[in-house]
Protein chains: 2
Amino acid sequence: MAKHVVPEAARRRRRPTRTGTVLSEEIIVDTALRVLREHGSTGLTARRLGAALGADPSTLYRYFAGMDELTRAIGDELMGRALDSWTATGDWRADLRALGRAIYGAYLAHPQAALLTASRVTGRPREIAVDEAILGILRGAGLPDPVAVRVYHAFIDQSLAFAALDAGSLALAAEARAQDEEMWQTAYARLPAESHPHIAATAALLARRMPHSAYPAALEMLLEHTAARLPAPDA
Amino acid sequence: MAKHVVPEAARRRRRPTRTGTVLSEEIIVDTALRVLREHGSTGLTARRLGAALGADPSTLYRYFAGMDELTRAIGDELMGRALDSWTATGDWRADLRALGRAIYGAYLAHPQAALLTASRVTGRPREIAVDEAILGILRGAGLPDPVAVRVYHAFIDQSLAFAALDAGSLALAAEARAQDEEMWQTAYARLPAESHPHIAATAALLARRMPHSAYPAALEMLLEHTAARLPAPDA
DNA sequence: CCCTTATGCCAACAGGGTTGACCTTATCTT
DNA sequence: AAGATAAGGTCAACCCTGTTGGCATAAGGG
């Protein structure tokens with residue numbers, strides 16, 4: 001069994017599994033993402049992942065110390081995809097907006113995986129790369145370091161926090177999600193104006209807005225705040 | 001076993017358990033919060049909760065359809081505590097700030113429970129009461145309904161999202177959390193300036209700020225944004 | 001071409017949610 | 001007051017989970 005987990009770089013012999021597939025961290029993580037999508041955020045089990053790979057569950061422990069370490073590897077993969085899908089232009093506002101949406105988008109592209117990993121800080125290389133990029137944008141725009149660090153902090157936490165929250169509803173089975181969204185058109189819309197005047201007065205607006213994410217609005221607030229703190233004029 | 005879960009209000013006979021305690025939804029939820037605090041966010045199990053109540057695990061299914069429904073009841077309890085700890089003053093800005101901190105605070109008072117429930121929308125009475133209160137503040141301040149609904153949405157999602165995120169680190173065992181916070185003084189602080197110039201330049205500031213929550217800063221951004229959209233002057 | 005050992009497989013363990021059958025006792029009816 | 005009813009407790013069992021010790025086998029260095 002797995003006394004030492006051999007780091008990916010040091011692997012020399014790759015013996016094919018019973019069904020012929022040759023394993024690697026990359027293949028395992030990719031397959032885990034697929035299993036998550038198909039079976040939900042609680043559906044990633046060692047046995048199921050093993051079956052999807054055509055391998056025994058215990059084989060996974062040759063690559064990851066446990067399901068927890070696999071989970072962190074999945075999170076780092078999402079961060080990597082976010083960074084890969086982003087390109088800097090030099091315009092701090094456009095860049096920060098794009099990076100925020102890239103992170104948010106990479107996580108929401110795999111809602112079940114996002115739910116599992118968004119609240120974890122891995123400290124892995126690709127996560128660090130994202131942090132460096134954000135700080136680079138803010139300092140490059142001319143923010144004083146203390147302000148840059150404060151905005152960086154709000155930015156990364158906000159992006160991950162909303163990703164996790166929104167992944168929660170997106171990861172629901174289609175019918176359950178529809179039911180949730182209908183709640184704004186039924187349960188909330190039917191509250192009597194005597195007991196709940198404000199909900200009753202805005203029921204139609206709520207039903208239209210609540211099924212969407214609040215992340216874009218929150219992101220714009222952050223950009224607005226940042227622009228107001230730049231020493232030189234924005235444009 | 002539990003074909004029908006009898007609603008709390010309709011309960012008539014309360015037979016004491018083997019150890020003499022008389023059960024109720026309230027006692028079960030309170031005990032669940034205690035078990036969560038003592039055993040962590042993944043430590044709430046039917047068997048353990050049963051033991052803590054001095055009852056058979058299967059008894060829980062007389063009160064809740066499953067662990068999932070119990071989880072939602074715990075979430076609603078936190079919402080109720082948030083609302084109870086809050087009092088309106090009539091000053092929209094102070095009220096909204098206080099309500100945000102009340103929600104955030106109620107969840108973080110039970111980080112293990114917050115982790116479990118923050119991303120769940122229960123649609124239960126006390127959650128609805130909070131929604132009504134928020135909308136009341138915003139509409140009372142004079143915001144047009146579409147703006148009020150937009151700000152409401154950002155406000156509630158932001159509060160819950162940050163609560164969940166921060167609960168994640170707070171719920172870690174003390175030593176694990178210390179290790180995480182130290183990472184900003186060690187791993188990040190040691191990154192070479194050649195490869196990570198921006199992190200290296202702000203390492204000291206990061207080490208000081210990152211162990212704290214970004215929620216207060218994000219909340220102020222939202223208040224700032226809201227104030228700028230009021231028809232009449234703020235004060 | 002053989003030997004070593006990395007890497008895959010098998011079987012088993014403890015602990016998880018959940019359920020069907022059963023029993024006991026609180027409350028209602030007469 | 002006694003008896004009937006069924007709510008609400010208990011018990012044992014189901015299948016699932018992560019994880020591990022021992023074993024087998026084939027990849028690749030010498």
Side-chain angles (χ1 to χ4, degrees), chain A residues 1-28 31-32 35-36 39-74 116, chain B residues 1-28 31-32 35-36 38-74 112 116:
Chain A
M1 51 140 313
K3 307 233 171 184
H4 288 318
V5 170
V6 179
E8 182 73 3
R11 266 172 208 285
R12 322 211 125 243
R13 311 180 185 184
R14 301 201 113 99
R15 176 176 159 196
T17 70
R18 191 174 4 126
T19 55
T21 46
V22 175
L23 297 182
S24 68
E25 283 194 7
E26 192 189 340
I27 288 178
I28 294 175
T31 307
V35 169
L36 278 167
H39 296 278
S41 64
T42 61
L44 179 66
T45 69
R47 284 172 174 79
R48 189 128 60 193
L49 180 53
L53 287 162
D56 189 88
S58 64
T59 307
L60 298 170
Y61 291 82
R62 301 278 182 203
Y63 288 83
F64 301 97
M67 293 304 281
D68 191 77
E69 191 182 305
L70 171 61
T71 298
R72 271 181 282 128
I74 294 171
L116 220 55
Chain B
M1 51 141 315
K3 307 233 170 187
H4 288 319
V5 171
V6 178
E8 182 74 3
R11 265 171 208 284
R12 323 215 126 240
R13 311 177 187 184
R14 300 199 116 99
R15 177 179 158 195
T17 69
R18 193 176 1 126
T19 55
T21 46
V22 174
L23 297 182
S24 68
E25 282 193 8
E26 192 189 340
I27 288 179
I28 294 175
T31 306
V35 169
L36 278 167
E38 287 169 5
H39 296 279
S41 64
T42 62
L44 180 66
T45 70
R47 283 173 174 80
R48 188 129 60 194
L49 181 53
L53 287 163
D56 189 88
S58 64
T59 307
L60 298 170
Y61 292 82
R62 302 275 182 206
Y63 288 83
F64 301 96
M67 292 303 281
D68 192 77
E69 192 181 305
L70 170 60
T71 298
R72 271 181 283 129
I74 294 172
Q112 302 84 1
L116 221 55

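By convention in this document, chain letters (A, B, ...) are assigned in the order of the sequence lines, proteins followed by strands, and residues within each chain are numbered from 1. Atom set for the values below is all heavy atoms of this structure, side chains included, hydrogens, waters and symmetry mates excluded.
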How close do B:T45 and B:T42 get, heavy atom to heavy atom, and via which atoms?
CG2-O, 4.4 Å
Take atom CZ of B:R62 and atom P of D:dA6, then tell me their distance rounded to the nearest Å.
14 Å
Could you tell me how far apart A:R18 (CZ) and D:dA24 (C1') are, to the nearest whole angstrom?
14 Å
Correct closest heavy-atom pair for A:Y61 and A:M67 would be OH-CG, 4.3 Å
Contact under 4.0 Å: A:T59 side-chain N or O vs C:dC9 OP1/OP2
yes
dist B:Q112:CD -> B:I74:CD1 (nearest 0.5 Å) comes out at 11.5 Å
So do B:I28 and B:E25 actually touch side chain to side chain, heavy atoms under 4.5 Å?
no
Nearest whole angstrom, please: distance from the P of D:dT19 to the CG of A:D56.
14 Å
Could you go through nucleotides 26-28 of chain D and list every protein N or O atom that sits under 3.5 Å from one of its N or O atoms, giving the distance for each pair?
from: D:dA27; atom 1: N3; to: A:R13; atom 2: NH1; distance (Å): 3.2
from: D:dG28; atom 1: OP1; to: A:R12; atom 2: O; distance (Å): 3.1

Taking atom CD as the centre, does B:E26 end up with more than 12 heavy-atom neighbours from other residues, nucleotides or ligands that are less than 6.0 angstrom away?
no
Give the rounded distance in Å between these two atoms: CD of B:E25 and P of D:dG8.
11 Å
When you check the phosphate oxygens OP1 and OP2 of C:dC9, does a side-chain N or O of A:S58 lie under 4.0 Å from one of them?
no
Checking side-chain contact (heavy atoms from CB on, under 4.5 Å) for the pair A:R48/A:L44: CA distance, chi angles, key distance, verdict?
CA-CA 7 Å; A:R48 189 128 60 193; A:L44 179 66; over 6 Å; no
Within a strict 4.5 Å, meaning less than it, do heavy atoms of the B:L49 and B:L60 side chains meet?
yes
In whole angstrom, what separates B:F64's CZ from D:dG9's P?
12 Å
Please report the distance, rounded to the nearest Å, between CG in A:L23 and C1' in C:dT7.
9 Å
Calculate the interatomic distance between B:D68 atom CG and C:dG17 atom P; express it in whole Å.
12 Å
Partners passing side-chain contact (heavy atoms from CB on, under 4.5 Å) against A:T71 (at least two apart in sequence or in another chain)
A:L116, A:T117, A:R120
Verify the contact: side-chain N or O of A:Y63 to OP1 or OP2 of C:dT7, cut-off strictly under 4.0 Å; return yes or no.
no
d(CG, B:L60; C1', C:dT18) in whole Å
11 Å
Do B:L53 and B:T59 come close enough that some side-chain heavy atom pair is under 4.5 Å?
no
Specify the residues of residues 41-50 of chain B, ordered by number, for which at least one heavy atom lies under 4.0 angstrom from an atom of DNA chain C.
B:L44, B:T45, B:A46, B:R47
